[in-house]
Every structure is written in structure tokens, then in C-alpha cells.
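Atoms within each ligand, like the ligands themselves, are counted from 1 in listed order. Keep in mind that the numbers below use all heavy atoms, side chains included, and drop hydrogens, waters and symmetry copies. For clarity, every value in this text was computed on a predicted model and none was experimentally measured.
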Amino acid sequence: MQYQIALLRGDGIGAEIVDAAAAVLERIGTLYGHTFNCTPYLIGGCAIDAVGKPLPEETVAGCLASDSVLLGAVGGPKWDGLAGDQRPESALLGIRAALGLYTNLRPATLFPALRDASPLRTDLVSAGFDILIVRELTGGIYFGNRGYRQGKYGEEAFDTESYSVTEIERIGRAAFEAAMKRSKRLTSVDKANVLETSRLWRKTMHKLAESYPEVEYQDMFVDNAAMQLVRNPQQFDVIVTTNMFGDILSDEASQLTGSIGMLASASLGDGTRGMYEPIHGSAPDIAGQNKANPIAEILSVAMMLRYSFGLEAEARSIENAVDRVLAAGCRTADLLGGQSGSALSCSEMAQKILDAVVRE
Ligand code: NAD
């Protein structure tokens, strides 16, 4: 098969990690007989420098004409003084809107070899864990009516949350489909003992669950979910939740895995096209020094193969290669933390993973 991929390197460490991930993609193509045609486009600060805006029309058109998008990261101190809608980061909202991406998939995976990097006690994470948080991305309280008004005690502020059945159904379906591709267990997180939106959320999820009898489904209140994530993260597989609860829980879960340099993400809409990127930023403090951990970007490619192209074996080949390289003791500086040992550079780690990718 032939696939068109838009490569958005962006700023800071973006170029280093995207190029490392693109090399892995090419290796997968060679091993499995696919052709990935990668075309670079400008986004973020480098686009401001080159053409005066963070999201050029050519970039949007190129992404819309592609089967999927691989993004590095945008931003940096050079552009920090610009107004909000001219900053590199504004391009992220623009490209998500242009591509109609409303589902955010954030895996929090603790590879067994990195048990010591987790802030949790090793007996709690002895088998590692592999959680996928499915977060609604374009609705809920972050997008509701808000403002200031005079209340009983003077000035007050308000934010409102609303969710339509349609919005809940589409994120719910994405979560059930994701669960079907994994171990078929889904936890829906809400606050249905208090919030009306959560009661509609729960009712809609229950109705959807009837269409997925193979999925073992459970509801959980968000306060309990926050506690269970640190008490026993291994109990979870897929978690689906609202925009705000997902924002908070995914950051909590990501910290349990050790380094931000390990975490990939996918943003999806109605079709198969998605945008895949690490959850970290452009890391200006280490940019251009060949020190970045390329694993989050490389695992983003695995997500692209799985969620946009349905290439499960190819995705597993990449994840297993990362697993083997970590098990062999290879570490970039961020994974060593304060521990002793010599750190691999970004390009050395990328080469180790490239060498470990095999057809399985
Ligand atoms: P950051 O994620 O870039 O960096 C935080 C810390 O983690 C830094 O010490 C950095 O060196 C380290 N780090 C991040 N990724 C790493 C990797 N792959 N390997 C090793 N270490 C890594 O967050 P920040 O410093 O708050 O933001 C820097 C810039 O990135 C800002 O301009 C911010 O707006 C932008 N940003 C962009 C995105 C995005 O493009 N999606 C996301 C977050 C932040």
C-alpha cells in the first residue's frame, strides 16, 4: 500500500525526533512492503520565521491532502513575546480544527524495563502497565459559556459544561473501538453522582455498550479514578472521559511512566486521518544538542500505523523494538534520571531502535 504522510517537524527538538521516527517508518515500509511518501511542511516558530505566520495555508492544504500527519513540537523562547493568536502554539489549535480532530488518545505505558523510573513503588508496577486514555477534545467545560457577573457576594466568575448526545456518542464509539483493538476492557470516568452532563454521559455510554457486548465495561467516578490510578494502575486498559477530566487524569497517568520523553498521542476525527505527536513540547533547553529522547515520537508512528492504517503487526513491531532496546539497558539522559550509567544521544537511541525493528 501507498500512504501520504505530512511531516511537521516544528521547532526545538522537533526536527531531531521527527527524522528519527521517519526513518523507523521507512524501515517498516521496507519490511512489510508499504510505501510511505513523507512530505515536510512548516508549522510553528519556523513557519513564522519563513513566511510570517505559524500555520501557513500550504501546511493546512498539505495535511488535508495526506493520509496522516506526524508532528514534532512547536514553540520556543524566540517567539514567546508574540500575541496569543500569533504564537507558534496557536498553530496546534488551528491544525486540529482544520482536520476536525475531536478525539485525543493518550497512552500511558510503563515498559517493564523502566519500573525504576516510575514514582510508584516497584511492587505496584511490577508488571508495567499500559493504559489508553481517550479524552474528548473539543467540547465540555473548556468550550462552554463563561464570563463574569455580579452575584450575591459581588463579582463572580462562571464556566459552564454542556455535552450533547452526539458529542458523547462519537467519543464513546472511538473508545469502544479502541478497546476492541486492545484487551476489550473499558472504564468510563464521570461524576454522575453530582453532574447532569455526567448523567447524560453515563446513560449514553450504557446505550453504546449494548453494541459492544465483547467489551467488559465499567463506570467509575473521577475522584475514585484519580485514586485508583496511583493505587493500582495495572487494573486499567482503556479509560474514556470528558475534556477536563481527561486533561487531569492523562497528566497524572503520564507521570507514572517515568519520563515525558516516552509518551505518544493521537488526535482523531471522523475519518482515518489523524495527527500523531509526542505529548512533550519542543524542549528548547536541549534543542540542537542531540540529547532528546526520540521514543515518544517513534511510538507516535506506531499509533499512526494502528489507528489510521489498521497496520497492527507493523505497530507491534515498533513497540516490541522499543521494549527490547529498553530491556537491553539503553537509556537517553532523561531515562537515567539521577542514576549512574552512560546516556545515549538521540541519534544513537534512534539507531538502536531502527536496528531492533524486525518483521514479526
Ligand atoms: P517541554 O515538554 O518542551 O519540556 C519540559 C522538560 O522536559 C524540559 O526539561 C525538556 O528538556 C524535557 N523534555 C521534553 N521532551 C523531551 C524529550 N523528548 N527527551 C528528553 N527530554 C525532554 O515543555 P516546556 O519546556 O514547558 O515547553 C517548551 C516549549 O514547547 C514552549 O514553547 C511550549 O509552549 C511548547 N510546547 C509545545 C507543545 C506541542 O508542540 N504540542 C506541547 C507542550 C509545550
Side-chain angles (χ1 to χ4, degrees), residues 6-21 24 41-49 54-55 59 63 69-97 99 101 104-106 109 111 114 117 119 135 137 247 250-251 254-255 257-267 274-301 303 322 325-326 330-339 341 343-350 352-353:
L7 284 191
L8 310 183
R9 293 188 178 95
D11 308 314
I13 61 170
E16 303 163 43
I17 57 176
V18 167
D19 289 350
V24 172
Y41 296 96
L42 293 171
I43 192 166
C46 60
I48 296 173
D49 289 350
L55 184 59
T59 298
C63 292
V69 180
L70 184 66
L71 172 72
V74 298
K78 183 177 177 189
W79 306 282
D80 276 352
L82 296 174
D85 59 347
Q86 291 156 33
R87 286 174 60 107
E89 294 83 351
S90 68
L92 297 175
L93 299 180
I95 193 70
R96 283 178 196 143
L99 299 177
L101 307 173
N104 190 215
L105 303 183
R106 281 186 164 206
T109 307
F111 288 83
L114 293 183
R135 169 189 170 197
L137 202 56
D247 192 7
S250 65
D251 266 30
S254 73
Q255 282 312 302
T257 67
S259 170
I260 195 170
M262 294 294 299
L263 297 165
S265 80
S267 298
M275 189 163 80
Y276 298 84
E277 58 185 303
I279 74 161
H280 60 72
S282 58
D285 53 336
I286 55 167
Q289 299 173 38
N290 198 16
K291 282 186 184 164
N293 182 350
I295 294 181
E297 190 75 51
I298 290 171
L299 291 175
S300 298
V301 166
M303 291 191 82
V322 170
V325 165
L326 292 172
C330 301
R331 302 283 185 273
T332 41
D334 57 305
L335 295 175
L336 281 175
Q339 297 169 42
L344 295 183
S345 67
C346 178
S347 52
E348 286 168 340
M349 178 59 103
K352 293 268 182 208
I353 295 169

Handout entry: ligand 1-proximal atoms of E277, by part, heavy-atom distance under 4.0 Å
Key = side chain
Handout entry: Side chain, backbone, both or neither: the part of L71 lying under 4.0 Å from ligand 1 by heavy atom
Key = neither
Practice task
Could you tell me whether atom 33 (C) of ligand 1 has a protein heavy atom closer than 4.0 Å?
Solution key: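 It does: a protein heavy atom is found less than 4.0 Å away from atom 33 (C) of ligand 1.
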Exercise for the section: Please check atom 26 (O) of ligand 1 for a protein heavy-atom neighbour under 4.0 Å. Expected result: no
Would you confirm whether [X], through its side chain, and [Y], through its main-chain N or O, come within 3.5 Å as a donor-acceptor pair?
X: E348; Y: S345; value: yes
X: N293; Y: C346; value: no
X: N290; Y: S347; value: yes

Which pair of non-hydrogen atoms, one from [X] and one from [Y], has the smallest distance, and what is that distance?
X: A292; Y: I17; result: CB-CG2, 4.1 Å
X: S267; Y: N104; result: OG-ND2, 3.5 Å
X: P119; Y: Q255; result: CD-O, 3.2 Å
X: I95; Y: C63; result: CD1-SG, 3.8 Å

Report yes if [X] has an N/O atom closer than 3.5 Å to an N/O atom of ligand 1; otherwise report no.
X: S282; value: yes
X: H280; value: yes
X: G76; value: yes

Handout entry: Test item: T332 and P294 side chains (from C-beta on) under 4.5 Å apart, heavy atoms
Key = yes
Provide, to 0.1 Å, the distance between [atom] and the closest protein heavy atom, together with that atom's residue and name.
atom: atom 31 (C) of ligand 1; answer: E89 OE2, 3.8 Å
atom: atom 39 (C) of ligand 1; answer: L92 CD1, 3.6 Å
atom: atom 7 (O) of ligand 1; answer: I260 CG2, 3.8 Å
atom: atom 19 (N) of ligand 1; answer: N293 N, 2.8 Å
atom: atom 8 (C) of ligand 1; answer: D285 OD2, 3.5 Å
atom: atom 4 (O) of ligand 1; answer: A283 CA, 4.2 Å
atom: atom 43 (C) of ligand 1; answer: G281 CA, 3.5 Å
atom: atom 37 (C) of ligand 1; answer: V74 O, 3.1 Å

Problem - Pair D11-S282, side-chain donor/acceptor within less than 3.5 Å - result: no
Handout entry: Non-hydrogen atom of A296 closer than 4.0 Å to ligand 1
Key =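 No; A296 lies far enough from ligand 1 that no heavy-atom distance drops under 4.0 Å.
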Closer than 4.0 Å to some heavy atom of [X] - which atoms of ligand 1 meet that?
X: A73; value: 40 (O)
X: I286; value: 11 (O), 20 (C), 21 (N)
X: A292; value: 19 (N)
X: D334; value: 20 (C)

Exercise for the section: Give every residue pair that meets the salt bridge (charged side-chain N to carboxylate O under 4.0 Å, His left out) criterion with at least one member in residues 275-290, sequence neighbours excluded. Expected result: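 Qualifying pairs, neighbours excluded: R96-E277.
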Exercise for the section: Mind jotting down which residue pairs meet the salt bridge (charged side-chain N to carboxylate O under 4.0 Å, His left out) criterion with at least one end in residues 78-95? Sequence neighbours excluded, please. Expected result: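 Output for this query lists D49-K78, D80-R87, R87-E89.
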Problem - Salt bridge flag under 4.0 Å for residues D251 and R106 - result: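 Salt bridge: yes.
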Problem - Residue selection (non-hydrogen contact nearest atom 28 (C) of ligand 1) among G12, P284, G75 - result: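 Considering heavy atoms of G12, P284, G75, the nearest to atom 28 (C) of ligand 1 sits in P284.
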Problem - Distance (rounded to the nearest 0.5 Å) between L326 CG and L114 CG - result: 5.0 Å
